[in-house]
Amino acid sequence: MIAAIPRGRVSSYGEVADRVGLPRRARLVARVLRETPDEAALPWFRVLRADGRIAFPPGSRGFREQVRRLAAEGVLVQGGRVDLARHGWERDLDGFLWGPAAFEPPGASKARKRAAARR
DNA sequence: AGAGTGACTGCAG
DNA sequence: ACTGCAGCCACTC
């Protein structure tokens with residue numbers, strides 16, 4: 001299930017559990033990830049907490065590594081968290097509303113809405 | 001059996 | 001938006 005998370009998208013422990021038919025088993029997903037060797041080459045870094053925050057302690061080695069890997073595929077982490085409305089699996093709001101416009105600078109969305117309101 | 005632990009969640013303040 | 005806290009499940013001691 002984790003291997004199926006598309007590049008540039010993220011999911012959560014709970015969502016992964018749900019998708020494999022194991023509701024309320026978020027902690028089990030976390031355990032599996034912890035026990036999985038790096039050689040498995042799973043995109044573990046695409047799994048976040050339900051609110052979009054990185055599960056590792058801020059500043060820890062795992063935390064920094066996760067930020068680095070996410071950034072490498074265009075997923076910005078700010079204040080330790082990812083915008084799920086933008087990068088969440090199956091809830092790619094920008095993609096749905098505006099097409100695969102990819103990445104815009106902060107505030108671009110607001111500015112666009114203001115412009116639309118003026119018309 | 002009972003208490004403690006954690007790459008988690010949802011909700012109340 | 002942030003912090004606690006109870007609830008949760010699968011172990012471990």
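Note that these values count all heavy atoms, side chains included, but never hydrogens, waters or copies made by symmetry. Order of the sequence lines fixes the chain letters, A, B, ..., with proteins taken first and strands second; residue numbering starts at 1 for each chain.
- The separation between A:Phe56 atom CZ and B:dA7 atom P is 8 Å, rounded to whole Å.
- The nearest whole Å value for the distance from the CD atom in A:Glu65 to the P atom in B:dA7 is 17 Å.
- A gap of 16 Å separates the P atoms of C:dC13 and B:dA7, to the nearest Å.
- A straight line from CG of A:Leu33 to P of B:dG6 spans 17 Å, rounded to a whole angstrom.
- Phosphate proximity of B:dG6 to A:Arg31: absent, as no side-chain N or O sits under 4.0 Å from OP1 or OP2.
- Rounded to an integer number of Å, the gap from CD1 of A:Ile5 to P of B:dA7 is 18 Å.
- More than 12 heavy atoms of other residues, nucleotides or ligands shown are found within 6.0 angstrom of CZ on A:Arg34.
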Starting from the C-alpha separation in whole Å, work towards a yes-or-no answer on side chain to side chain contact (heavy atoms under 4.5 Å, CB included) for A:Arg46 and A:Val75. CA-CA 9 Å; A:Arg46 296 186 187 134; A:Val75 178; over 6 Å; no
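- Taking A:Arg25 as the reference, A:Ala17, A:Leu22, A:Leu28 meet the side chain to side chain contact (heavy atoms under 4.5 Å, CB included) condition, with sequence neighbours excluded.
- When the C1' atom of B:dG6 is taken as reference, atom CD of A:Glu35 falls 12 Å away, rounded to whole Å.
- A:Val10 pairs in a side chain to side chain contact (heavy atoms under 4.5 Å, CB included) with only one of the listed residues (A:Val82, A:Ile54, A:Ile5), which is A:Val82.
- No salt bridge links A:Arg69 with A:Glu73; every basic N to acidic carboxylate O contact stays at or beyond 4.0 Å.
- Across the protein-nucleic acid pair, A:Arg34 atom CZ and B:dG6 atom C1' stand 7 Å apart, rounded to whole Å.
- Using a 4.5 Å heavy-atom cutoff, the side chains of A:Gln66 and A:Trp44 are in contact.
- In this structure, A:Asp38 atom CG and B:dA7 atom P are separated by 16 Å, rounded to whole Å.
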5' to 3', nucleotides 8-13 of chain B under a 4.0 Å protein heavy-atom cut-off (B base, S sugar-phosphate only, - none) gives BSS---
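- Following rounding to the nearest Å, A:Asp18 (CG) and C:dC9 (C1') show an atom-to-atom distance of 14 Å.
- At least one side-chain nitrogen or oxygen of A:Arg81 sits closer than 4.0 Å to the OP1 or OP2 atom of C:dC2.
- The pair A:Arg49-A:Asp51 does not count as a salt bridge, with every side-chain nitrogen at least 4.0 angstrom from each carboxylate oxygen.
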